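These notes are about the structure you will find just below.
First the proteins, then the strands, lettered A, B, ... as listed; each starts at 1. On a predicted model such as this, the values are computed, not experimentally measured, just so you know.
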Amino acid sequence: DAKTTQPPSMDCAEGRAANLPCNHSTISGNEYVYWYRQIHSQGPQYIIHGLKNNETNEMASLIITEDRKSSTLILPHATLRDTAVYYCIVRPRFGSGAGSYQLTFGKGTKLSVIP
Amino acid sequence: EAQVTQNPRYLITVTGKKLTVTCSQNMNHEYMSWYRQDPGLGLRQIYYSMNVEVTDKGDVPEGYKVSRKEKRNFPLILESPSPNQTSLYFCASSTPGVGGGNSPLHFGNGTRLTVT
């Protein structure tokens with residue numbers, strides 16, 4: 001079973017920030033939070049990941065609460081091309097064997113960017 | 001360009017006719033994996049490989065075989081395909097990250113298989 005909870009769908013106006021929430025209340029200390037997205041039926045695309053600090057890259061920002069039980073993915077200026085299903089995944093730190101590579105995908109959040 | 005390449009992108013076949021879906025990565029990754037994606041069921045892992053000659057079952061291995069004779073290639077073999085193997089298949093690869101973190105999984109663009 002997926003260890004994360006996400007809203008099934010969200011809308012965002014083009015050009016505005018998209019804030020996608022994720023609950024992972026059972027996350028353990030050695031687990032990272034990863035975000036992927038899947039555009040239509042293409043292969044999932046890595047966006048960002050973090051352990052406990054907030055992270056930012058060219059695609060997005062990741063805000064993780066202090067207790068690590070939830071996080072928010074922020075797309076600062078959503079475009080139509082950001083319409084996709086976004087997956088929040090917890091993943092063990094490397095060194096835990098094969099399980100540290102495996103991704104368990106839940107149902108994700110379908111983000112629709114509206115013109 | 002770093003990538004995972006799957007072939008073919010689309011495949012229609014008949015029940016019982018053996019087929020192979022190829023997967024190749026050019027990133028020298030140790031870990032490779034196969035997933036299938038079905039409506040309402042999400043992505044489920046079929047098989048994975050931690051390195052050359054090391055493979056293991058994922059969550060839904062029945063009806064599939066894999067091999068890892070070279071680091072870059074990880075073919076998925078369906079010896080006797082059945083209609084319930086109609087699905088969208090993804091290959092992925094990864095490598096240990098620096099400092100204990102995990103390198104992200106890189107996915108191919110998928111193979112849509114239809115078995116009639």
Over 12 non-hydrogen atoms of neighbours within 6.0 angstrom of CD1 in A:Ile39: yes

Do B:Leu88 and A:Val85 land in one hydrophobic cluster if side-chain heavy atoms of ILVMFWY residues count as linked below 4.5 Å? yes

Measure the shortest side-chain to side-chain distance between B:Phe90 and A:Gln38 over non-hydrogen atoms and say whether it is less than 4.5 angstrom. yes

Please determine whether residues B:Leu43 and B:Tyr89 belong to a single hydrophobic cluster, defined as Ile, Leu, Val, Met, Phe, Trp and Tyr linked transitively by side-chain heavy-atom distances below 4.5 Å. no

Can you name the residues that form a salt bridge (charged side-chain N to carboxylate O under 4.0 Å, His left out) with B:Glu30, not counting sequence neighbours? B:Lys71

Smallest separation among heavy atoms of B:Pro104 and A:Arg91, with atom names: CA-NH1, 4.0 Å

Set of residues satisfying side-chain contact (heavy atoms from CB on, under 4.5 Å) with respect to A:Ile114, sequence neighbours excluded: A:Asp11, A:Ser112

Top of B:Leu105, B:Leu41, B:Val4 for chain A proximity - count of heavy-atom pairs under 4.5 angstrom: B:Leu105

Mind jotting down which residue pairs meet the side-chain hydrogen bond (donor to acceptor under 3.5 Å, both in side chains) criterion with at least one end in residues 18-29 of chain A? Sequence neighbours excluded, please. A:His24-A:Ser71, A:Ser28-A:Asn30, A:Ser28-A:Glu31

Neighbours of chain A found in residues 107-116 of chain B - heavy atoms under 4.5 Å: B:Phe107, B:Gly108, B:Asn109, B:Arg112

Quick check: do B:Tyr35 and A:Pro44 have side-chain heavy atoms less than 4.5 Å from each other? no

Count I, L, V, M, F, W, Y as connected when their side-chain heavy atoms are under 4.5 Å apart, and connections chain through other members. Are A:Tyr87 and A:Leu20 then in the same cluster? no

Within this structure, what is the CZ-CD distance for the pair A:Phe105 and B:Gln37, rounded to the nearest 0.5 Å? 8.5 Å

Between atom OG1 of A:Thr104 and atom CG of B:Asp59, what is the distance when rounded to the nearest 0.5 Å? 7.0 Å

Does A:Arg81, at its CZ atom, have more than 12 non-hydrogen atoms belonging to other residues, nucleotides or ligands within less than 6.0 Å? no

Could you see if A:Tyr86 belongs to whatever hydrophobic cluster contains A:Tyr34? Use Ile, Leu, Val, Met, Phe, Trp, Tyr and a side-chain cutoff under 4.5 Å. no

Backbone N or O of B:Gly42 within a donor-acceptor pair of the A:Lys107 side chain at under 3.5 Å? no

